[in-house]
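First up is the structure itself, then whatever we jot down about it.
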Protein chains: 2
Amino acid sequence: MERSFFHQHLQFSRSFTKKLNEQLAEVGLYHSQWLLIYYLKEFETATLVDISNYLDVEKPTITRTVNRLEERGLIRKVPSKDRRERRIGLTEKGNEVYGEAGKVVKSFEQSLMEGMQETEIVSTIRTIQLLKKKLN
Amino acid sequence: MERSFFHQHLQFSRSFTKKLNEQLAEVGLYHSQWLLIYYLKEFETATLVDISNYLDVEKPTITRTVNRLEERGLIRKVPSKDRRERRIGLTEKGNEVYGEAGKVVKSFEQSLMEGMQETEIVSTIRTIQLLKKKLN
DNA sequence: GGCGTATAGTTACTTAGGTAACTAATTATG
DNA sequence: CATAATTAGTTACCTAAGTAACTATACGCC
């Protein structure tokens, strides 16, 4: 039973990101790029470490994703006193893509949540948070 | 709220596989290799398509993982009438590693499940299965 | 102030997962 | 029976995520 749980969980994660990637392909993004853009929209500017901590993803992964977004002109450098850090923010184009992608993600998630019981979702979130806490 | 749910979910998956990989490193496996070996133990022999369908992972991914396990001598070729297919099974060494890894995985999952409410887990599995079904 | 430590990022290398396009073998069909 | 369609697997190339080891800058402290 325990194994079944984690198995189900891993399969769902893969299917979910796969489908989300398919949806986001319309606006030329991958799901991890979307998460990063979403974060930048909310916090305006950030360092790579900020993003790494927030998304709970290692720094080298963030470096790569940021590089790709910068090459595509969605991200800009923001001056900073601390010369170690690389502070970034969205460009105009980045803001536009945020808007487009936002619609896509919203409708995707709504279609998935449609008809789900509120209490089931809340309970599931609680369980997952608890398990995540136990991992550390 | 919806976004929070998926966000939590993705983070948990990453943390989970990360920790599972750490545990399995003791016996020299990655979590995806473990899933494949587990499947082969249960079904004795299988084609790559069988595995692909069961794990819900694309064929090229299976090809790579199988190649690695074969190079390490954990998997052997099994003769087949259909000359298109590559039928495989565990070697002696593969069986040994299965045993060692099995203990590691079991104790890891038990430590994670310890103290969890049975009803919460059941409810969570149901929710995840439902969401996965809606993805298709 | 200088030196040791901590922090921010990067580089190189690993596995994992995906798509697209391909080969080879089998099955279906006209 | 010959040809078309399907199936099994592979190859090439993409992003994602991880670890280990590294550089460069900033900070703490004696």
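First the proteins, then the strands, lettered A, B, ... as listed; each starts at 1.
Looking at the side chain of B:Asp82, the nearest of the listed nucleotides C:dG9, C:dA25, D:dA20 is C:dA25. Counting only heavy atoms from C-beta on, A:Thr47 has its side chain closest to C:dG9 among D:dT7, C:dG18, C:dG9. In this structure, of C:dG18, D:dT19, C:dT15, it is C:dT15 that holds the atom nearest to the side chain of B:Tyr30. Closest approach to the B:Arg83 side chain among C:dA12, C:dG18, C:dA25 is made by C:dA25 (side chain taken as heavy atoms from C-beta onward). Listed nucleotides D:dT10, C:dT10, D:dA8 differ in distance to B:Val49; the shortest reach to its side chain belongs to D:dA8. The listed nucleotides are D:dT15, C:dT15, D:dG18; the one nearest the side chain of B:Gln33 is C:dT15.
Looking at heavy-atom distances under 4.0 Å, A:Thr17 makes no contact with the nucleic acid at all. Residue-level contact check: A:Lys81 touches the backbone only, with heavy atoms under 4.0 Å from sugar-phosphate atoms and none from bases.
For A:Arg64 against D:dG18, a side-chain N or O and a base N or O form a donor-acceptor pair under 3.5 Å. Under 3.5 Å, the side chain of A:Lys59 and the base of C:dG9 form at least one donor-acceptor pair of N or O atoms.
Projected onto DNA chain C by closest heavy-atom contact, A:Glu85 and A:Arg14 fall at different nucleotides, the more 5' of which corresponds to A:Glu85.
Under 4.0 angstrom from either OP1 or OP2 of C:dG9 there lies no side-chain N or O belonging to A:Thr63. Dashed line: the shortest gap from a side-chain N or O of B:Arg84 to OP1 or OP2 of D:dT7 is not under 4.0 Å. In this model, the phosphate group of C:dT10 is approached by a side-chain N or O of A:Arg86 to a distance below 4.0 Å at OP1 or OP2.
Relative ring orientation between B:Phe6 and A:Phe16 is described as parallel, the plane-to-plane angle staying below 30° on a 0-90° scale split at 30° and 60°. Ring planes of B:Tyr39 and B:Tyr54: tilted class, angle from 30 to 60°.
In this structure, the side chains of A:Met113 and B:Lys134 stay at 4.5 Å or more apart for every pair of heavy atoms.
Paired with A:Leu74 under the rule side-chain contact (heavy atoms from CB on, under 4.5 Å), one option of A:Leu36, A:Ile37, A:Asn95 passes, and it is A:Ile37.
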